[in-house]
Amino acid sequence: MAARKIDYLLIGGGLASANCARWLREEGAAGTVLLVGREPDPPYNRPNCSKGYLRGEESREEPLFRPNEWWGEQDIELLTRTSVTALDLDTRTAKLSSKEEVQFDHALIATGANVRRLNVPGCELEEIHYLRTLGNADTIRASVADVQDVVLIGGSYIGCEVAASLTAIGKRCTIVMQERATLERGFGEHVGRFFQGLLESVGVTVHGEDELERFEGDGRIGRVMTHGGLELPADAVVIGAGVTPDTQLAQRAGLGIGERGGIACSAQLETSAPGVFAAGDVCEYDSPLHGGPMRIEHWDVAFNHGRTAALNMLGRDVPHTEVPYFFSVLAGLGELEYVGPAATWDEEIVRGSLEDGSFTNWYLQDGRVVAALTFGRSDDLDHARRLLAEKPVLDASQRAALGDVNSDLNAEHS
Ligand SMILES: Cc1cc2nc3c(=O)[nH]c(=O)nc-3n(C[C@H](O)[C@H](O)[C@H](O)COP(=O)(O)OP(=O)(O)OC[C@H]3O[C@@H](n4cnc5c(N)ncnc54)[C@H](O)[C@@H]3O)c2cc1C
């Protein structure tokens, strides 16, 4: 079969690809756009998988990026249940699992990430789950429908969100994690303990500083055994142990991989092959904001990367300078929002009060704000974005103002 010619080939059926397609059209791209994704669903918002969709409160259509008819209206060809199996960057040709070959002018690689699987004794037992897709959420909901005890492995946002969601639909949830406090890795122990307290207040049991040793059961999961000696009854298990960027296709095509494990890209999100871009979880870009390589697995970053990649496919030459934003919702308990990210910091300043459940936690390194987390004080985020972008070193009175709810941050830091 002779290869057909496509102007813009978007590989991966997630948010980054979808938003790239949208911005290509919004910015006037006249050529052919083909989006190829291996999942059965058209592009959708993955965050719903651990929130309303998992609880059975949303239809299959609600998480969709756009309604089904939108793709045709935009003259964007959408192939679901189809993988790109090989990329030849010399001939600029892609092979699809349908055996079709496509020749492209520009390409986007937005293949996302895969869950990190834990290979421990008993991991083959039934009712042990991972969560990445709508299909996984369906399986988990069916698995817990008629049972009581669910054990979550991992105390990051997936473990916490799933625990909150399943508690809200009447399940008894237990988290086992290596950290001292939930969400500690991203946000520190102090704030992590606050979120753990929220989860415990609705009945979630949390076992920190421990580790999964093995699963036991007769065909299906029955118990989770930990290195610390716990034996936890489990009718179902959900593992949230992080993800790894899906760079297989890019690596086979000979593209460079960065120090953070993603496809190495310029600030314009272009890979080492001219005209071939990457976006979303798989993209490691040279971030002007952070002064070096960054790879971030956040919904908002995938969304904004899609736009930056589209603009650069159209020759606009724009670096990706957005301040990365993250949100997480604990069912019935509230929403945290965060800008950063910061791997290290040497000072934390609280504005508001954790006890009252309304605060912003500022993270500083050498006197500069490097991240901020807010719970119930979203208005502080604009200020946080400004401090992250401008990077001023704050003096003692400016730092004191960060912690004082009565101070006008715009006046103090202008
Ligand atoms: C359960 C869950 C909850 C989340 N909640 C939040 C949240 O509350 N806040 C937040 O900021 N972030 C959240 N995230 C993270 C966020 O959803 C991701 O960062 C975002 O979806 C990444 O988008 P992406 O397009 O880069 O990749 P993905 O969404 O992973 O999409 C990539 C797609 O490409 C497909 N693909 C891979 N290889 C090929 C190939 N060779 N050919 C064709 N298709 C291919 C994959 O199957 C996948 O469908 C959550 C993630 C999960 C799993």
Side-chain angles (χ1 to χ4, degrees), residues 9-21 34-54 63 65 78-87 94-98 102 107-116 129-137 140 154 156-162 164-165 183 186 238-253 262-263 269 277-285 295-306 309 324-331 335-341:
L9 172 66
L10 313 181
I11 305 168
L15 184 70
S17 265
N19 207 35
C20 180
L34 170 63
L35 190 155
V36 183
R38 69 179 170 209
E39 287 189 56
D41 297 280
Y44 60 88
N45 292 310
R46 226 167 268 292
N48 301 46
C49 296
S50 50
K51 307 178 182 69
Y53 187 79
L54 180 65
F65 174 75
L78 173 63
L79 290 179
T80 53
R81 298 178 193 272
T82 310
S83 297
V84 173
T85 54
L87 267 185
K95 281 200 176 110
L96 312 190
S97 53
S98 58
V102 175
L108 177 75
I109 306 179
T111 44
N114 295 317
V115 295
R116 201 163 71 79
H129 307 288
Y130 292 85
L131 179 55
R132 185 76 192 167
T133 64
L134 288 174
N136 297 150
I140 292 169
S156 72
Y157 78 92
I158 294 282
C160 292
E161 288 193 355
V162 173
S165 280
L183 300 169
V238 181
I239 300 174
V243 295
T244 48
D246 189 341
T247 55
Q248 287 180 47
L249 182 71
Q251 278 187 279
R252 286 201 308 269
I263 302 172
L269 312 187
F277 296 79
D281 287 5
V282 79
C283 169
E284 180 171 328
Y285 68 109
R295 197 182 65 75
I296 304 171
E297 296 143 6
H298 296 169
W299 179 92
D300 182 71
V301 174
F303 186 81
N304 287 316
H305 271 180
Y325 166 83
F326 172 75
F327 67 97
S328 177
V329 184
L330 299 176
E335 175 176 12
L336 74 85
E337 295 172 279
Y338 174 83
V339 287

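Atom set for the values below is all heavy atoms of this structure, side chains included, hydrogens, waters and symmetry mates excluded. Atoms within each ligand, like the ligands themselves, are counted from 1 in listed order.
- Here the side chain of Arg295 pairs a donor or acceptor atom with the backbone of Asp281 at under 3.5 angstrom.
- The shortest N/O to N/O separation between Arg46 and ligand 1 falls below 3.5 Å.
- Given atom 8 (O) of ligand 1, the protein heavy atom at minimum distance is Lys51 NZ, 2.6 Å.
- The part of Glu161 lying near ligand 1 is the side chain, judged by heavy-atom distances below 4.0 Å.
- Of the possible donor and acceptor atoms, one in the side chain of Ser165 sits under 3.5 Å from a partner among the backbone N and O of Ser50.
- Put simply, the side chain of Ser17 never gets that close to the backbone of Ala110: no donor and acceptor are under 3.5 Å apart.
- A donor-acceptor pair under 3.5 Å links the side-chain atoms of Asn304 to the main chain of Asp300, judged by distance alone.
- Counting heavy atoms under 4.0 Å from ligand 1, residue Tyr157 touches it through the side chain alone.
- For the salt bridge (Lys or Arg N to Asp or Glu O under 4.0 Å) with Arg46, the qualifying choice from Glu297, Glu161, Glu39 is Glu39, the only one to do so.
- When heavy-atom distances to ligand 1 are checked against a 4.0 Å cut-off, Ala137 has no atom that comes that close, whether in backbone or side chain.
- Residue contacts with ligand 1: Asp281 is placed with a nitrogen or oxygen under 3.5 Å of a nitrogen or oxygen of the ligand (distance criterion only).
- At least one N or O atom of Leu15 sits closer than 3.5 Å to an N or O atom of ligand 1.
- Of the heavy atoms in His305, none comes closer than 4.0 Å to ligand 1.
- If you take CG on Leu54 and CG on Leu131, they are separated by 6.5 Å, rounding to the nearest 0.5 Å.
- Near Glu39, meaning under 4.0 Å from any of its heavy atoms, are these atoms of ligand 1: 47 (O), 48 (C), 49 (O).
- Ligand 1 has a nitrogen or oxygen under 3.5 angstrom from a nitrogen or oxygen of Val84.
- When heavy-atom distances to ligand 1 are checked against a 4.0 Å cut-off, Ile158 comes that close only through its side chain, counted from C-beta outward.
- Numbered from 1 in the order shown, with element, the atoms of ligand 1 that lie under 4.0 Å from a heavy atom of Gly280 read 26 (O).
- Atom CG of Leu79 sits about 8.5 Å away from atom CG of Leu35, to the nearest 0.5 Å.
- For Ala302, every heavy-atom contact with ligand 1 shorter than 4.0 Å involves the side chain, none the backbone.
- Atoms of ligand 1 lying under 4.0 Å from any heavy atom of Phe326, numbered from 1 in the order shown and given with element: 9 (N), 10 (C), 11 (O).
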Tyr44/Tyr53 under ring pair (Phe, Tyr, Trp, His ring centres under 6.0 Å): CA gap, chis, key distance, verdict: CA-CA 12 Å; Tyr44 60 88; Tyr53 187 79; 8.4 Å; no
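- Checking side-chain atoms of Ser83 against main-chain N and O of Ser97 turns up no donor-acceptor pair under 3.5 Å.
- One option in Thr111, Val329, Val115, Thr82 has a heavy atom closer to atom 43 (C) of ligand 1 than any other, and that option is Thr82.
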